[in-house]
Amino acid sequence: MFEKVLVKGQNDETLLPRVLRVLSKNGAAVRSLKMDNSAEETTLEIQLDQLVAAQIAKLLAKQVAVTSVYTVM
């Protein structure tokens with residue numbers, strides 16, 4: 001089973017590398033990643049294993065400067 005983690009943050013070129021660094025350090029297996037940019041905001045939709053999605057969402061909220069992070073089933 002998989003869950004999506006939705007990450008929203010300022011449109012900054014370092015957002016994606018910072019998010020990927022957190023995922024890599026925690027051994028999260030990314031099934032898919034979708035990125036949408038607007039003039040002011042970047043949205044990342046990351047599909048992860050259900051067992052780690054909630055944990056990764058909490059880590060991203062603490063370690064990466066983002067507007068919001070939440071999980072979707």
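The analysis underlying the following values was restricted to heavy atoms, covering all of them including side chains, and did not include hydrogens, waters or symmetry mates.
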Exercise. Are V30 and F2 connected in the hydrophobic side-chain network, where two residues link if heavy atoms are under 4.5 Å apart?
Worked result: no
Exercise: identify the closest heavy-atom pair between [X] and [Y]:
| X | Y | result |
| --- | --- | --- |
| L15 | Q10 | CD2-O, 4.1 Å |
| A65 | R18 | N-NH1, 3.6 Å |
| V66 | A61 | CG2-CA, 4.3 Å |

[atom1]-[atom2] distance between [X] and [Y], expressed to the nearest 0.5 angstrom:
| X | Y | atom1 | atom2 | answer |
| --- | --- | --- | --- | --- |
| N37 | T42 | CG | OG1 | 4.0 Å |
| E41 | N11 | CD | CG | 9.0 Å |
| L48 | L33 | CG | CG | 9.0 Å |
| L60 | L23 | CG | CG | 6.0 Å |
| K4 | I46 | NZ | CD1 | 12.0 Å |

For this session: Would you please name every residue forming a side chain to side chain contact (heavy atoms under 4.5 Å, CB included) with T67, sequence neighbours left out?
Result: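 T67 satisfies side chain to side chain contact (heavy atoms under 4.5 Å, CB included) with K8 only.
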Problem set entry | Summary of side-chain hydrogen bond (donor to acceptor under 3.5 Å, both in side chains) pairs that have at least one residue in residues 22-32, sequence neighbours excluded | S32-Q47
Exercise. More than 12 non-hydrogen atoms from neighbouring residues, nucleotides or ligands closer than 6.0 Å to CD on Q63, yes or no?
Worked result: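 Count over threshold, so yes.
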